[in-house]
Structures are given as C-alpha cells and as structure tokens.
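Have a look at the structure below before the remarks.
Treat the numbers as computed from the prediction; the structure is a model and nothing was measured.
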Amino acid sequence: MKDKLQNILKKCKTPENTKVLFPLLALLVILASVWGPQLLGEFRDKDVLDKIHVQEVEDGGEGYRYRLNANEKVYILSRCLSRQTLEGNEQSTGAGELDYQELEGTYAFVVNRKGPSGKEITDEQIYETCNREIDALKELGILPEQVRRVEKSSYDVVLYSAIDVLEPRNNVAVWKVSLSSSQTNANKENRLIDAYIDADTGKIYEFYARTPLSWEEIQAEEIMEKWRTYLGLNGMEEYATDNPLLETTPYFKKYVFPGMGDDRTVVTVGFYDGINELFLKISR
C-alpha cells in the first residue's frame, strides 16, 4: 500500500501532471468560493426551517423592569413629583389624559393607563399592602401607633408611572393612596391622608398622616434614619438651610441622598401644626 502511494505521488510531481493539477485546483477553489456558502446555507436551513425550536429568554417586558437601586428610584420619583408641582393643576388633575411622549421636559408623572402588568401590586392588593407597610412603619417608630388602617371604602388609589423621558427604561411604578375626596366631613384624626407606595415592593416612599404628636415629640433625624434603612437608601446627610420659605411650615428638617450622576435627592420630615399632620416627603 505504501509503495502504491509513493508511485502516485511521483506521478503527480511530473511536469505534465503538474500543468494539469494546478488548473484543476484553481477551478475547485473558485467553485468552492461561489457555491460553497449557498450549499452550506441550504444545509443549515434544513435543520432549522419547518421545525419548532424553544429557547428561554429573559423577559424584556416594559422599560421600567430595568433594575434601579433605591437611591435611583427615589431620585426619579422626586424629579417627577417636582415637575408635577411646577406644572400646576393641569397635570395633577388631568394626568389620566396625558402620555409622557406628549410632554416636554425631562421627567413626567402620569397615570398608568395599562394598569398593573402582572408583576405589580394590583388595585385589590394595594389596601392590604398599604396596611402591612403602615404596621411596619409603626414597628420602626416612624409612624405612631394611633394611625388607623386604610379601608377600601374610604380611600382612592391610582397607579402612576414616574418616567425619565430621555431614558424611558428608568421609571418607577407607584400607587398613590389618598383619603377619598368624598370624605370631606369625615374625621381625619389619626388617619393616613396620602402615601406613595412602590408598585413592586410595597414600600412607602412618602406619607402624610394625622397624629396625636406635637413637633417637640417628633425625632426627625431618628425617623429619617429608620426610613432610610427601611428603603435601603445610602449616603444620608443633613441638609442645612437658612431659608424658611422652603416649606409652608416652620417645623421641618431636610436631608439629602445621592441620586443619579452628580445629582441628589432632598427628603423632608415635617409637621403641620394645628392639624397635627406629620409628613415625610421627597423633594418637589
């Protein structure tokens, strides 16, 4: 066998065979370059076409599913609420008729027309969630024990989206829970008036509540530290200011947290005397 191979190689090395062999090789290379990719593609198509292939992929979902940390969420919500206040009654009373694409500016706070996506707290669950988190804030000493539970018959709930318009994936879904406007003559003593609640986690970002406390009994720094831990925020610092016009009450203390980029978020613990309303709000 070895001898036969050697004879074949010797014949291929003869001048006459070399003249024939090189053109044949060149022709084969040309044919392979022209028809090779097509034949390879057809072979692959046979293995793919007319067959069902299943592959697990991560659910892209809506933009808000982009993971934001607690500081980023609070920052985006603060900017959206600031815009809501600056734009006045048009947005705060008619947000249900707006789309963020129609708004000018960087941030928008709009009613979520689609409703919960299936991964968020529903309008039936939000009352139970709110009461659970009120109890959590009581245990932490953020809210006094006298604050009453919320009932579906007395409160209105609306699902909002706080959106960074330039980066729509940066958005936070929140439920606003408010004592119903139909309860104008109701006793508001020791009641939650308003709260913004994360639609994913149920955590309370902001609240206004009537309490039996006075400002002298409220430990603002302690409340802020416990609320910071409750949400998982980092980098808290006291925000010193001599401007009494920052609030409509003289009873308040402000703190700052890192936001996004070089920006920061201001958070206020305050008290409205006369109606005995304790509030914790992120900057507007």
Side-chain angles (χ1 to χ4, degrees), residues 63-64 66-92 95 98 100 103-112 133 137 142 158-178 192-209 220-221 223-241 243 245-249 252-272 277-284:
Y64 89 94
Y66 172 70
R67 292 294 182 181
L68 299 167
N69 63 38
N71 284 63
E72 291 170 334
K73 283 185 172 184
V74 169
Y75 173 80
I76 290 171
L77 184 57
S78 73
R79 290 299 176 267
C80 292
L81 292 176
S82 296
R83 178 169 177 76
Q84 181 191 36
T85 300
L86 290 173
E87 290 187 351
N89 290 334
E90 179 183 2
Q91 179 148 340
S92 62
L98 299 175
Y100 76 89
L103 297 173
E104 296 180 356
T106 307
Y107 295 93
F109 189 66
V110 295
V111 169
N112 187 327
E133 296 305 315
L137 295 186
I142 296 172
V158 182
L159 181 62
Y160 286 92
S161 291
I163 305 169
D164 179 347
V165 176
L166 300 182
E167 288 286 347
R169 68 176 185 170
N170 294 341
N171 69 88
V172 185
V174 294
W175 281 102
K176 183 178 182 181
V177 178
S178 305
L192 183 75
I193 305 302
D194 283 306
Y196 285 104
I197 300 174
D198 190 291
D200 288 327
T201 67
K203 298 289 187 179
I204 295 177
Y205 288 117
E206 177 175 307
F207 65 80
Y208 292 76
E221 186 172 356
I223 287 175
M224 185 60 63
E225 174 59 28
K226 290 178 177 178
W227 177 79
R228 179 198 71 77
T229 303
Y230 163 78
L231 281 183
L233 298 168
N234 59 62
M236 183 180 83
E237 296 180 7
E238 187 171 347
Y239 179 56
T241 175
N243 184 1
L245 300 179
L246 287 176
E247 298 292 336
T248 56
T249 173
F252 67 88
K253 290 195 72 173
K254 290 183 177 289
Y255 301 84
V256 293
F257 294 87
M260 298 181 76
D262 295 328
D263 289 339
R264 57 186 185 170
T265 305
V266 179
V267 183
T268 307
V269 175
F271 184 79
Y272 293 122
E277 187 167 291
L278 170 67
F279 65 86
L280 188 153
K281 69 174 184 177
I282 59 178
S283 181
R284 282 178 168 75

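- With contacts defined as side-chain heavy-atom distances shorter than 4.5 Å, the pair Asn69/Leu233 does not qualify.
- Contact check for Ile193 versus Phe279: no side-chain heavy atoms found under the 4.5 Å cut-off.
- Between the side chain of Thr265 and the backbone N or O of Gly259, no donor-acceptor pair lies under 3.5 Å.
- Rounded to the nearest 0.5 Å, atoms CE (Met236) and OG1 (Thr229) are 8.0 Å apart.
- Between Val74 and Phe257, every side-chain heavy-atom pair lies at or beyond the 4.5 Å cut-off.
- Across every non-hydrogen atom of Ala70 and Gly232, the tightest pair is CB-O, 3.7 Å.
- Side-chain N or O atoms of Tyr230 include one that pairs as donor or acceptor with a backbone N or O of Ile204 at under 3.5 Å.
- Counting heavy atoms from C-beta on, the side chains of Leu231 and Lys73 never come closer than 4.5 Å.
- Residue Gly202 comes nearest to Ile197 through the heavy atom pair O-CG2, 3.2 Å, listed as atom of the first residue, atom of the second, then distance.
- Counting only heavy atoms from C-beta outward, the side chains of Val165 and Thr106 never approach each other to under 4.5 Å.
- Atom CD1 of residue Ile282 and atom OG of residue Ser82 lie 8.0 Å apart, to the nearest 0.5 angstrom.
- Taking Val256 as the reference, Glu237, Tyr239, Arg264, Val266 meet the side chain to side chain contact (heavy atoms under 4.5 Å, CB included) condition, with sequence neighbours excluded.
- A donor-acceptor pair under 3.5 Å links the side-chain atoms of Asn71 to the main chain of Asn234, judged by distance alone.
- For Arg67 against Glu72, the heavy-atom pair with the smallest separation is O-OE1, 4.4 Å.
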Worked check of side chain to side chain contact (heavy atoms under 4.5 Å, CB included) between Leu77 and Phe109: CA-CA 8 Å; Leu77 184 57; Phe109 189 66; 3.8 Å; yes

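- The shortest side-chain heavy-atom distance between Glu221 and Tyr255 falls under the 4.5 Å cut-off.
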Give the C-alpha distance, both sets of side-chain angles, the deciding distance and a yes or no for side chain to side chain contact (heavy atoms under 4.5 Å, CB included) between Glu247 and Lys254. CA-CA 10 Å; Glu247 298 292 336; Lys254 290 183 177 289; 2.7 Å; yes

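- In this structure, Met260 CE and Glu167 CD are separated by 8.0 Å, a value rounded to the nearest 0.5 Å.
- Atom NZ of Lys253 is separated from atom CD1 of Ile223 by 11.0 Å, given to the nearest 0.5 angstrom.
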Using ring-ring contact (aromatic ring centres under 6.0 Å, His included), reason through Tyr205 and Tyr196 one step at a time and then give a plain yes or no. CA-CA 6 Å; Tyr205 288 117; Tyr196 285 104; 8.7 Å; no

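- Asn171 and Ile76 make their closest contact through N-CD1, 4.4 Å (heavy atoms, listed as atom of the first residue, atom of the second, distance).
- Closest non-hydrogen pair, Pro258 versus Gly235, comes out as CD-O, 3.3 Å.
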Show your reasoning for whether side chain to side chain contact (heavy atoms under 4.5 Å, CB included) applies to Val269 and Leu278. CA-CA 8 Å; Val269 175; Leu278 170 67; 4.3 Å; yes

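- In this structure, Arg169 CZ and Ile163 CD1 are separated by 14.5 Å, a value rounded to the nearest 0.5 Å.
- The shortest distance between side-chain heavy atoms of Tyr107 and Asp164 falls below 4.5 Å.
- If you take OH on Tyr75 and CG on Asp263, they are separated by 3.5 Å, rounding to the nearest 0.5 Å.
- Side-chain contact between Phe271 and Thr249 is absent, with no heavy-atom pair separated by less than 4.5 Å.
- A distance-only check finds no donor-acceptor pair linking the side chain of Thr268 to the backbone of Gly270 [under 3.5 Å].
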